[in-house]
Trainee: 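After the structure tokens below, expect a handful of questions from me.
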Amino acid sequence: MVKAHRRAAAIAVLTALALVGTGCTAAGGTSSGAGNDTVRTTLTTDPTTFDPAKANAKDDYQVARYLFDTVVRLGEDGELVGGIASKWESDADQAVLTLRDDATCSDGTTITPAIVADSLNYFADPETRNNFAKLVFGPGTPEIQANDDAGTVTIDLAQPWSEVLRGLTLAQTGIICPAGLDDLDGLAKGSVDGAFSGPYSLTSASHGVKYEMTLRDDYDAWPEFGAAIEGTPPSKIIFRPGVDKTTVANQLLTGEVDVAEIAPADLERFEGDDNFDITTVPFAGIWLLFNQREGSPFVDPELRHAVAQALSAKAFNDAAYAGQGIPYNTIVAPNVPCALPDDSHVTPVDLDAARKVLEGKTFKMVGTTSIGPNGAGNTYVQEALRAVGAEVELDLVDNGTWATKTQTQPDTWDMTVQGDANFVGTVAASLTRIAGVPTEDGGRNIGGAANESVLDDIKTAQAASDDADRCAAYEHAQATIMDKNDIVPFVAEPQIVVQRSGYSVADLGGIIDYATTRIEG
């Protein structure tokens with residue numbers, strides 16, 4: 001693995017992961033300095049769960065990467081590298097994983113094929129109500145079987161899904177050890193000592209105050225990345241939840257944190273300062289999402305079209321990300337394979353036309369405070385629609401509450417600014433946010449519309465034997481949702497991670513990999 005020391009670097013494929021972990025040193029700051037064994041970092045808010053299979057918000061993803069190993073991981077150039085699996089092979093119908101023999105649980109239990117299969121079956125089980133399982137395994141429920149004698153796990157897919165191995169890199173597929181599966185309530189609280197398969201155990205949790213993780217003494221299952229990891233894994237990681245990003249920037253400068261994510265508007269405070277290194281990757285695609293369930297006003301395509309006419313991606317970018325977001329033509333970033341090549345399907349701004357439809361209308365909107373400073377992206381949408389005569393009742397909440405409302409309480413909102421962390425960098429990963437089984441029924445579809453034609457295109461793409469046929473199907477699906485105004489694309493949110501001198505965290509395949517946090521020197 002490679003140290004992530006890139007100055008405000010290339011924002012490439014949106015396979016981004018969530019917020020970074022830790023933060024700070026500064027010229028003149030009070031700090032324990034490089035060389036100690038602890039890294040201090042921040043979380044946007046408290047994790048909603050420590051059960052990786054039920055992770056919903058980016059803080060959930062972050063802590064899961066430290067606590068649970070996956071069978072495969074993304075390497076420096078986006079290639080697959082071994083995690084708990086040492087070898088693998090797959091086609092559109094099946095994947096076979098050969099496991100390493102030195103991986104253990106945090107209570108010392110050897111991780112066998114049976115343990116891996118049990119965990120993946122729990123992840124895939126519709127009763128788990130996991131909205132990522134269909135992203136990993138495709139439609140239907142796979143058959144997952146272990147062969148302890150051969151050291152293998154075989155995954156037979158219900159329908160062709162050629163992207164299964166990339167799906168298995170997600171933190172949500174982290175292997176839960178038997179002690180965790182035996183106590184799901186304790187697993188969600190993080191209180192089961194033997195649940196963890198990753199390098200760290202959760203050793204202290206104080207809601208709203210602090211979380212601590214401790215490096216396992218017996219852990220020796222580090223992935224073999226293409227380049228050596230520089231530095232030493234910290235013996236302890238301390239997370240402070242609910243810290244405003246401007247405050248985080250101040251804490252980096254005063255030496256209170258060691259590595260952390262900052263807001264784009266604060267970037268200039270660190271550029272050119274040799275006390276810090278800066279890594280920039282795309283975190284999430286940001287687009288307006290309409291609730292299209294029965295009873296929502298946005299089952300009406302005319303209303304969706306008018307809202308799209310009222311909103312400017314440039315104005316949103318300026319309000320939320322100081323103009324540093326990456327413009328979007330569709331539901332995925334421009335460099336994702338098979339993304340639409342231009343903006344020909346984006347609805348042009350037309351305020352007069354929007355006013356004729358929207359004046360006097362009232363909509364419910366839920367937004368997360370993580371979309372720009374204090375949720376500024378949501379406020380822009382509210383004000384832009386107010387300017388054409390519509391009233392928007394904005395419920396601005398923390399990220400965990402927003403995820404809960406949008407994914408489990410569809411009656412509470414008509415529209416939301418969606419942050420779509422497309423961890424695997426595929427068109428299907430984002431399309432399933434607006435097509436298929438709704439989230440309240442255990443699927444990934446936050447918008448709620450069935451979009452059967454989109455599902456047909458995804459099915460065609462996943463079974464395609466060559467890239468041209470795959471892209472033709474994906475491009476048709478994107479054109480469909482853009483022409484129907486199922487979403488209004490804005491930008492890719494830049495994830496800017498500042499590391500003070502002596503600390504690092506790597507980005508691999510365009511994703512911040514939290515388990516690569518290191519202390520140098």
Side-chain angles (χ1 to χ4, degrees), residues 18 43 46-73 83-85 97 99-133 136-137 141-142 144-146 148 153 155 167-207 211-223 236-237 239 400 442 514-515:
L43 297 168
D46 293 277
T48 64
T49 182
F50 290 97
D51 179 345
K54 294 188 175 182
N56 278 324
K58 69 179 182 177
D59 299 298
D60 302 345
Y61 314 150
Q62 179 177 343
V63 297
R65 182 57 79 189
Y66 287 109
L67 297 172
F68 301 94
D69 277 349
T70 53
V71 291
V72 285
R73 298 275 283 278
I84 291 177
L97 309 166
L99 305 189
R100 60 194 298 166
D101 60 10
D102 61 346
T104 61
C105 299
S106 50
D107 61 2
T109 301
T110 299
I111 297 177
T112 63
I115 288 174
V116 170
D118 285 346
S119 181
L120 292 179
N121 274 313
Y122 167 68
F123 172 79
D125 188 344
E127 292 301 314
T128 303
R129 302 183 69 82
N130 179 301
N131 61 25
F132 281 85
V136 176
F137 299 120
T141 303
I144 304 174
Q145 297 181 324
D148 283 340
V153 173
I155 302 169
L168 287 168
T169 67
L170 296 179
Q172 290 87 339
T173 69
I175 301 305
I176 303 166
C177 289
L181 292 179
D182 288 343
D183 182 2
L184 294 178
D185 288 340
L187 173 68
K189 297 173 184 176
S191 61
V192 182
D193 292 338
F196 310 115
S197 60
Y200 289 87
S201 293
L202 183 67
T203 48
S204 175
S206 179
H207 186 86
Y211 298 87
E212 293 187 7
M213 293 183 188
T214 301
L215 183 67
R216 291 170 46 195
D217 292 336
D218 63 339
Y219 184 83
D220 194 30
W222 300 103
K236 181 181 291 186
I237 303 173
F239 305 83
Y514 303 118

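The model shown is predicted, which means the values in this text are computed figures rather than measured ones.
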Trainee: Within this structure, what is the CD1-OG1 distance for the pair I84 and T104, rounded to the nearest 0.5 Å?
Mentor: 9.5 Å
Trainee: Which residues pass the salt bridge (charged side-chain N to carboxylate O under 4.0 Å, His left out) test with D218, sequence neighbours left out?
Mentor: R216
Trainee: Looking at residues at least two apart in the chain, or sitting in another chain, which of them share a side chain to side chain donor-acceptor pair (under 3.5 Å) with T112?
Mentor: none
Trainee: Could you list all the salt bridge (charged side-chain N to carboxylate O under 4.0 Å, His left out) pairs where at least one residue sits in residues 102-124, not counting sequence neighbours?
Mentor: R100-D102
Trainee: Under the rule for side chain to side chain donor-acceptor pair (under 3.5 Å), what residues qualify as partners of N130, not counting sequence neighbours?
Mentor: none
Trainee: State which residues pass side chain to side chain donor-acceptor pair (under 3.5 Å) with T203; sequence neighbours excluded, sorted by chain then number.
Mentor: T214
Trainee: Under the side chain to side chain contact (heavy atoms under 4.5 Å, CB included) test against S197, which residue among I111, T109, L67 passes?
Mentor: I111
Trainee: Mind checking whether F50 and Y211 have parallel, tilted or perpendicular rings, split at 30° and 60°?
Mentor: tilted
Trainee: Test of understanding: with side chain to side chain donor-acceptor pair (under 3.5 Å), list the residues that count as partners of T70, not counting sequence neighbours.
Mentor: R65
Trainee: With sequence neighbours excluded, tell me which residues meet salt bridge (charged side-chain N to carboxylate O under 4.0 Å, His left out) with K236.
Mentor: E212
Trainee: If every non-hydrogen atom of G400 is compared with every non-hydrogen atom of T48, which pair is closest and at what distance?
Mentor: CA-CG2, 3.7 Å
Trainee: Under 3.5 Å, sequence neighbours excluded: what are the donor-acceptor pairs made by side chains of residues 120-127?
Mentor:
| unit_1 | atom_1 | unit_2 | atom_2 | d |
| --- | --- | --- | --- | --- |
| N121 | ND2 | A117 | O | 3.0 |
| N121 | ND2 | I144 | O | 3.1 |
| Y122 | OH | D51 | OD2 | 2.5 |
| D125 | OD1 | E127 | N | 2.9 |

Trainee: Once side-chain contact (heavy atoms from CB on, under 4.5 Å) is applied, do any residues pair with P199, and if so which ones, sequence neighbours excluded?
Mentor: D69, L215, Y219, W222
Trainee: Quick one: ring pair (Phe, Tyr, Trp, His ring centres under 6.0 Å) pairs with a partner in residues 171-201, sequence neighbours left out?
Mentor: Y66-Y200, F68-F196
Trainee: Using residues 168-186 as the side-chain source, report each donor-acceptor pair under 3.5 Å to any protein atom, sequence neighbours left out, with the distance given to one decimal.
Mentor:
| unit_1 | atom_1 | unit_2 | atom_2 | d |
| --- | --- | --- | --- | --- |
| T169 | OG1 | R166 | O | 2.6 |
| T173 | OG1 | L168 | O | 3.0 |
| T173 | OG1 | L170 | O | 2.8 |
| D183 | OD1 | G186 | N | 2.9 |

Trainee: Please find the pair of heavy atoms, one from L202 and one from M213, that lie closest to each other, and give the distance.
Mentor: CD1-CG, 4.2 Å
